[in-house]
There are 2 protein chains.
Amino acid sequence: MAETRPAPRRRRKEARPQELTAAALSLFVEKGFAATRLDDIAERAGVSKGTLYLYFDSKDALFKAVIQEGIVPALHAGEVLLDEYDDPLELLRAILLGWWERIGSTELGGIPKLMMSEARNFPDVALYYEQEVLQRGTALLRKAVARGVDRGVFRQVDPEAICSVLIAPLVYRAMWRHSFGPCCGQETDVAQYLNTYFDLILNGLLAPAPGGDAQ
Amino acid sequence: MAETRPAPRRRRKEARPQELTAAALSLFVEKGFAATRLDDIAERAGVSKGTLYLYFDSKDALFKAVIQEGIVPALHAGEVLLDEYDDPLELLRAILLGWWERIGSTELGGIPKLMMSEARNFPDVALYYEQEVLQRGTALLRKAVARGVDRGVFRQVDPEAICSVLIAPLVYRAMWRHSFGPCCGQETDVAQYLNTYFDLILNGLLAPAPGGDAQ
DNA sequence: ATTTAGTTACTGACTGGTCAGTAATTTAGA
DNA sequence: TCTAAATTACTGACCAGTCAGTAACTAAAT
């Protein structure tokens with residue numbers, strides 16, 4: 001049928017949950033969970049507060065939905081890269097740059113900040129997030145690094161410990177965008193930051209070229 | 001022995017502000033600013049809520065005091081290192097390791113998490129923090145890196161952009177300790193993390209030995 | 001040395017506003 | 001019409017901030 005209605009009518013059962021979690025995410029990231037009022041979330045989504053309770057049982061339930069719905073889909077995209085790339089160097093770049101482009105530089109980049117802030121207030125969500133997002137992400141990175149070490153492309157490093165070190169500058173920058181960024185002066189150039197970042201870690205990882213020149 | 005006083009009410013005008021900001025810091029870091037009740041802060045400090053208002057005008061004022069008192073003293077310690085060390089490599093290690101030992105691994109390590117979470121709710125404090133703490137810290141790091149680049153010990157890198165990249169893994173780890181750490185499984189070994197971290201960044205920074213072996 | 005008058009650090013019950021959650025009512029769509 | 005989506009008006013718990021009162025200390029006067 002004519003499913004693409006141009007004029008959004010007032011009753012939209014299908015689209016509401018997404019609209020509400022999107023509004024909630026941006027406000028949770030901006031103000032924090034406790035300081036965000038449900039009235040504000042509803043207003044941003046273009047509905048009234050009562051409508052919120054048609055789709056979510058409580059403010060806590062809304063928080064959980066925001067986290068679950070936000071990140072999980074993005075993870076799968078990274079995992080397929082393992083098969084798409086063979087060269088460890090290109091694979092690592094693709095994973096890290098992919099994370100930045102799909103998450104860090106988008107609205108989703110607020111989730112790490114939000115989750116970091118609220119982990120201790122929602123231990124069950126934190127545990128879920130740690131296992132389903134962070135562990136899986138770490139495992140992905142670890143495989144990429146391990147592949148490079150095995151082939152002698154990367155130096156001998158501890159694949160377990162290196163993962164947090166590698167991802168930290170990207171997550172840190174993403175958090176910044178959602179905290180100090182809007183308050184303080186203009187952000188430094190992203191491209192320059194990424195260049196310097198890759199330059200540092202790749203030089204730090206690459207084994208000295210055995211025979212001839214590298215790159 | 002009438003020693004069993006029900007509530008030993010002690011008068012400690014001098015020590016109170018410190019005790020109150022210390023209690024406030026740990027609770028703000030744990031629960032966030034909005035979710036922390038003044039009654040809880042007072043209780044942890046061993047006083048009543050009324051006493052809080054003898055020393056701080058408002059909850060906001062208490063927040064500001066927590067930030068100001070917490071970090072500024074620790075910064076000076078780093079700045080003197082510039083003159084204590086001549087060798088850029090040792091200087092950089094001393095700065096970064098010093099940050100971890102003085103801040104990251106202590107209770108003060110909660111301040112970056114707190115400030116990151118609340119920056120947008122306290123733009124004036126965020127601006128103060130950004131200028132008086134982050135800018136100064138960055139400037140310190142930048143000088144150390146620039147010295148290394150000038151002397152040819154480090155490769156040509158952008159001293160401006162590299163600073164955030166260098167400090168991020170330490171800050172990230174410090175934040176972790178105060179968010180996921182208490183919720184999720186045991187932390188990975190800190191020493192191993194630091195070793196891997198220094199191994200990566202120093203290999204990433206060091207210029208290839210020009211003639212033969214260095215040092 | 002004791003009493004007593006004055007000062008100050010501290011307490012905890014109270015208030016007024018805010019906000020999560022609910023129930024009654026309205027309105028859109030079949 | 002009849003159902004379901006959405007709104008509006010409401011409630012009650014919670015909490016920052018207040019203030020009248022109390023305990024602890026100090027010092028002047030005896």
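To find a chain, count down the sequence lines: A is the first, B the second, and so on, and within it residues start at 1.
Rounding to whole angstrom units, CG of residue A:L62 and C1' of C:dG21 are separated by 13 Å. The distance between atom NZ of B:K59 and atom C1' of D:dC15, rounded to the nearest whole Å, is 8 Å. Atom CZ of B:F56 and atom C1' of D:dA16 are 16 Å apart (whole Å). Remark: C1' of C:dA20 and CG of A:D39 are 9 Å apart, rounded to the nearest angstrom. Look at CZ on B:R16: it is 13 Å from P on D:dA24, rounded to the nearest Å. One can place CD of B:E43 at 14 Å from C1' of C:dT11, the figure rounded to the nearest angstrom. Separating the CZ atom of A:R37 from the C1' atom of C:dG17 is a distance of 12 Å, rounded to the nearest angstrom. Per the geometry, CG belonging to A:L38 stands 20 Å off P belonging to D:dC10, to the nearest Å.
For D:dA6, the OP1/OP2 oxygens have a side-chain nitrogen or oxygen of A:Y55 closer than 4.0 Å. Taking 4.0 angstrom as the limit, B:T51 places none of its side-chain polar atoms (N or O) nearer than this to OP1 or OP2 of C:dC10.
In this structure a side-chain-to-backbone donor-acceptor pair under 3.5 Å is present from B:R147 to B:D86. With hydrogens and angles disregarded, no donor-acceptor distance shorter than 3.5 Å links the side chain of A:K59 to the backbone of A:L38.
Going from atom CE of B:M116 over to atom OH of A:Y172 covers 5.0 Å, rounded to the nearest 0.5 Å. The structure places CZ of A:F180 at 5.0 Å from CG of B:L134, a figure rounded to the nearest 0.5 Å.
Here the side chain of B:V47 is nearest to one of D:dA6, D:dT18, C:dT11, namely C:dT11.
For B:K49 against D:dG17, a side-chain-to-base donor-acceptor contact under 3.5 Å is present.
Residue-level contact check: B:L54 touches the bases, meaning some heavy atom is under 4.0 Å from a base atom.
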